[in-house]
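Basis for what follows: all heavy atoms, side chains included, without hydrogens, waters or symmetry-related copies.
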Protein chains: 2
Amino acid sequence: MDEKTKSNQASASPSLQERPTLKTIAFMTGLGITTVSRALKDAPDIGAETKERVRLVAKQVGYQPNRAGVRLRTGKTNVISLVLSLEEEVMGLTSPIVVGISEVLASTPYHLVITPYRFSKDALAPVRYVLDTGAADGVIISRTEPKDPRVALMMERNFPFATHGRTDMGLIHPYHDFDNEGFAYEAVRRLAELGRKRIVLLQPPPHLTFHRHMRKGFDQGIRDFGVEAVAFGAVDLDNSLTEIRAAFETLMRSDDAPDGIVSGSGAGSIALIAGLEAVGKKLTQHVDMVSKVPSDFLSWLRPEVITMNEDIRHAGRELAKAVIGRIAGLPAEELQSLSRAI
Amino acid sequence: MDEKTKSNQASASPSLQERPTLKTIAFMTGLGITTVSRALKDAPDIGAETKERVRLVAKQVGYQPNRAGVRLRTGKTNVISLVLSLEEEVMGLTSPIVVGISEVLASTPYHLVITPYRFSKDALAPVRYVLDTGAADGVIISRTEPKDPRVALMMERNFPFATHGRTDMGLIHPYHDFDNEGFAYEAVRRLAELGRKRIVLLQPPPHLTFHRHMRKGFDQGIRDFGVEAVAFGAVDLDNSLTEIRAAFETLMRSDDAPDGIVSGSGAGSIALIAGLEAVGKKLTQHVDMVSKVPSDFLSWLRPEVITMNEDIRHAGRELAKAVIGRIAGLPAEELQSLSRAI
DNA sequence: CAAGCAAACTGTATCGTTACAGATTTTTGA
DNA sequence: TCAAAAATCTGTAACGATACAGTTTGCTTG
């Protein structure tokens with residue numbers, strides 16, 4: 001009788017073999033489940049000594065909150081979703097970004113979930129999925145466009161996210177971006193310093209935001225350093241390596257052949273070099289090249305290429321910090337960062 | 001009164017604005033929540049016409065089961081955990097494996113969660129975490145060792161998993177592996193055919209299983225093709241590129257210099273080539289090299305290297321299929337696969 | 001025509017957690 | 001001294017799904 005009156009909440013003694021729950025701790029401490037729950041969140045209406053006791057027992061039994069329970073009750077998933085195109089990246093930018101994100105999430109309760117999509121036109125689908133199903137507390141996207149519908153959608157729903165790359169819609173949101181404008185400007189400067197006069201740019205596809213940035217820096221460099229820009233048709237970084245090489249070979253054989261190259265990606269540079277060498281020209285001798293690279297493999301095999309390193313892992317870290325900050329309610333203005341080549 | 005008697009389960013009419021639940025469908029069809037639940041799983045005790053009706057409405061309102069609800073009630077997480085070392089892979093093998101896994105999971109209810117660990121000695125920690133918290137229904141691990149404690153632990157707990165690489169403990173479990181023995185044997189054969197006599201192997205670190213395989217194929221090739229093996233000290237694929245280059249430079253300057261190289265990874269090959277060229281030797285002229293590569297970038301920059309491609313993306317697909325198969329209860333014997341160079 | 005049975009459907013309890021509205025005891029204040 | 005206030009603690013309900021143990025209805029069947 002007395003027993004029954006005493007504690008109705010944690011009635012059945014929980015098996016100490018199973019994974020401990022609040023009930024386990026409640027049973028062990030003789031407290032109510034609610035009290036234990038509130039003690040563990042350091043609520044103000046729980047006594048200091050009680051909190052200490054609960055914390056001790058919780059630690060002792062290795063209590064970890066059941067994610068499904070929390071998620072069902074509160075809607076909080078403790079998940080960050082990284083939205084990835086299954087097509088992008090021959091050269092694997094995904095690895096370092098995943099590592100960077102993971103590094104930051106490791107010291108938080110967040111898990112990293114990969115949410116893939118298949119074709120560029122479906123880019124909105126994974127974002128919609130996360131929003132509709134509440135699959136995550138925050139989202140990280142890349143391949144950002146100036147008028148990015150994903151950004152518009154998430155802003156409209158007031159959903160926390162961060163973008164790898166900026167937008168241009170007059171919307172303020174968390175992002176991390178590489179200073180592609182600075183890169184391209186500096187690249188042209190270096191080539192001009194080497195006496196190169198006719199510069200070509202292997203640029204990102206026009207629909208992505210960083211196309212503009214890289215183009216802007218490039219064009220400014222062309223003007224400031226008194227050199228000439230050579231057009232590279234419709235070929236961009238999203239073309240296959242084979243296509244890039246073929247196009248560049250054609251360009252090099254034409255009257256319009258450049259003597260300086262700015263390449264927006266390490267993978268693209270490989271194709272350019274192949275095209276260059278196919279027509280019998282040599283780096284540093286006939287042509288100089290500045291390439292943005294995600295790792296130093298290019299320097300190992302072609303030290304003649306001037307490389308500027310984009311630290312993708314750092315980008316991952318910044319992006320993770322940005323989403324988490326947004327989830328925590330920090331203003332978007334404070335969650336924007338730009339990094340320069342290292 | 002009548003109304004109240006009629007339906008107690010789905011009493012309050014669910015807001016049609018919110019995400020639909022079983023309750024929503026129950027309300028719309030006038031059925032009980034239980035009936036709807038069972039109808040959607042095609043249970044035998046529900047009438048055919050009812051099932052049809054429920055399915056129609058469910059589709060109409062875009063019903064998707066709440067993962068937290070399912071997980072809490074059944075313990076099923078619908079999550080596959082990919083356990084990753086944050087240190088491995090300068091050259092990003094992670095990207096293609098993630099893509100491969102995602103491709104397979106896309107047509108299933110499974111989500112892919114990245115579970116990282118920091119140092120090699122902590123390799124057991126993430127697995128323990130998943131097991132203890134029930135964070136996933138299945139696990140994929142790599143960097144497999146002959147006596148792998150992670151494998152032992154998961155087998156003991158009867159937990160579904162698949163390994164990238166085999167073990168040697170007399171335990172039968174799902175795996176996918178590259179035929180490193182075949183690769184090394186074939187590599188030696190090719191070098192011997194080119195007239196090379198003194199072959200060195202840049203091999204995986206000795207504690208990983210595929211060290212044995214690669215070593216075995218290499219040694220067999222050495223015997224079968226009547227060539228000589230040159231020792232490469234304690235340097236292996238886990239050393240930094242700088243260390244590999246330095247060691248190889250030393251080796252090339254010694255009396256013991258090889259004229260043929262078998263390299264177990266694309267990244268390692270880069271360092272070897274740098275070391276080689278630092279002593280003024282040339283590929284195909286003084287030395288020939290066969291390298292295992294994850295992508296074709298090496299062929300672009302050094303076509304002189306004979307490459308054998310390991311399709312990591314395919315490995316990802318196979319691993320995903322294997323874990324899912326294991327979860328579905330298929331016997332481990334049927335979930336083992338080996339792939340050769342392409 | 002009543003008992004038996006199959007078919008079709010439903011209510012209750014539960015998973016682990018937390019919001020909320022008390023309940024109980026102690027302290028304060030006049 | 002006694003009511004009000006503060007300090008602690010607790011039970012109930014709910015999140016969405018499903019296992020389980022019914023209930024209802026309509027037919028057989030002897």
Side-chain angles (χ1 to χ4, degrees), chain A residues 3-12 14-15 18-27 29-54 58 61 63-78 109 133-135, chain B residues 3-12 14-15 18-27 29-54 58 61 63-78 109 133-135:
Chain A
E3 261 305 288
K4 197 177 172 188
T5 310
K6 175 67 189 300
S7 177
N8 197 15
Q9 249 187 128
S11 50
S15 159
E18 307 283 302
R19 185 175 170 205
T21 68
L22 290 179
K23 199 168 171 181
T24 316
I25 302 175
F27 179 78
T29 54
L31 295 164
I33 294 177
T34 306
T35 311
V36 174
S37 173
R38 298 189 56 68
L40 288 174
K41 347 188 93 55
D42 203 22
D45 63 347
I46 306 293
E49 195 232 4
T50 303
K51 282 180 188 170
E52 204 42 62
R53 217 154 52 87
V54 168
V61 299
Y63 170 74
Q64 290 188 265
N66 180 305
R67 307 191 121 228
V70 175
R71 182 164 170 176
L72 181 57
R73 180 64 236 242
T74 67
K76 174 124 217 224
T77 63
N78 284 308
T133 63
Chain B
E3 260 307 288
K4 196 177 173 188
T5 309
K6 177 68 189 302
S7 178
N8 196 15
Q9 249 187 128
S11 51
S15 158
E18 307 283 302
R19 185 177 169 203
T21 67
L22 289 180
K23 200 168 169 180
T24 315
I25 302 174
F27 179 77
T29 54
L31 295 164
I33 294 177
T34 306
T35 311
V36 174
S37 173
R38 297 188 56 68
L40 288 173
K41 343 190 96 53
D42 203 22
D45 62 348
I46 306 294
E49 195 233 2
T50 303
K51 282 182 190 170
E52 206 41 63
R53 216 153 53 87
V54 169
V61 299
Y63 170 75
Q64 291 188 264
N66 180 304
R67 308 190 121 230
V70 175
R71 181 164 171 176
L72 182 56
R73 180 64 237 239
T74 66
K76 175 124 216 228
T77 63
N78 284 308
T133 64

Straight-line distance of A:Asp42 CG to A:Lys51 NZ, nearest 0.5 Å: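 Rounded to the nearest 0.5 Å, the CG-NZ separation comes out at 4.0 Å.
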
Pairwise distance CD1(B:Ile46) to OG1(B:Thr34) - rounded to 0.5 angstrom: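 It is 9.0 Å, given to the nearest 0.5 Å.
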
Assign each of B:Leu72 and B:Val36 to its nearest nucleotide of DNA chain C by heavy atoms, then name whichever residue's nucleotide is nearer the 5' end.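 This one resolves to B:Val36.
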
To the side chain of A:Lys23, which of D:dC20, C:dT17, C:dC15 is closest?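 Ranking D:dC20, C:dT17, C:dC15 by closest atom to the A:Lys23 side chain puts C:dC15 first.
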
Report yes if a donor N or O on one partner sits less than 3.5 Å from an acceptor N or O on the other, where the partners are the side chain of B:Thr21 and the base of D:dG16; otherwise report no.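 Answer no: no donor N or O sits under 3.5 Å from an acceptor.
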
Check if the side chain of A:Arg73 and the base of C:dT18 share a donor-acceptor pair of N or O atoms closer than 3.5 Å.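 For A:Arg73, whose side chain was compared with the base of C:dT18, there is a donor-acceptor pair (under 3.5 Å).
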
[atom1] of [X] versus [atom2] of [N]: gap in Å, rounded?
{"X": "B:Ile33", "N": "D:dA14", "atom1": "CD1", "atom2": "C1'", "value": "12 Å"}
{"X": "A:Leu31", "N": "D:dC9", "atom1": "CG", "atom2": "C1'", "value": "8 Å"}
{"X": "A:Arg38", "N": "D:dT10", "atom1": "CZ", "atom2": "P", "value": "12 Å"}
{"X": "A:Asn78", "N": "C:dG16", "atom1": "CG", "atom2": "P", "value": "18 Å"}
{"X": "A:Arg71", "N": "D:dA17", "atom1": "CZ", "atom2": "P", "value": "12 Å"}
{"X": "A:Leu22", "N": "C:dC15", "atom1": "CG", "atom2": "P", "value": "13 Å"}
{"X": "A:Phe27", "N": "C:dG16", "atom1": "CZ", "atom2": "P", "value": "16 Å"}
{"X": "A:Arg19", "N": "C:dC15", "atom1": "CZ", "atom2": "P", "value": "14 Å"}

Checking the side chain of B:Arg38 only, and the main-chain atoms of B:Asp45 only, is there a donor and an acceptor separated by less than 3.5 Å?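 The answer is no, because no donor-acceptor pair under 3.5 Å joins these two groups.
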
Within the side chain of B:Thr29, is there an N or O that forms a donor-acceptor pair under 3.5 Å with the backbone of B:Ile25?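 Answer holds: yes.
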
Looking at every heavy atom in both B:Ala58 and B:Leu40, which two are closest together, and how far apart are they?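 Looking at all heavy atoms of both residues, the shortest contact is CB-CD2, 3.9 Å.
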
Terminal axes of the helix from C:dC1-D:dG30 to C:dA30-D:dT1 (five pairs each): angle between them, nearest 10 degrees: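 Helix axis angle between the two ends: 60°.
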
Please set out all donor-acceptor pairs under 3.5 angstrom arising from side-chain atoms of residues 68-75 of chain B, sequence neighbours excluded.
residue: B:Thr74; atom: OG1; partner: B:Val70; partner atom: O; Å: 2.6
residue: B:Thr74; atom: OG1; partner: B:Lys76; partner atom: N; Å: 3.1

Side-chain heavy atoms of [X] within contact of [Y], under 4.5 Å:
{"X": "B:Arg67", "Y": "B:Thr77", "value": "no"}
{"X": "A:Tyr63", "Y": "A:Thr24", "value": "no"}
{"X": "B:Asn66", "Y": "B:Thr21", "value": "no"}

N/O (side chain, A:Ser37) to phosphate O (OP1/OP2, C:dT18) under 4.0 Å: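 So the side chain of A:Ser37 is within the cut-off, an N or O lying under 4.0 Å from OP1 or OP2 of C:dT18.
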
For a quick test of reading the model: is some side-chain N or O of A:Thr35 closer than 4.0 Å to OP1 or OP2 of D:dT10?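 Yes.
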
In residues 39-53 of chain B, which residues come under 4.0 Å of DNA chain D by heavy atom?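 Only B:Lys41 qualify.
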
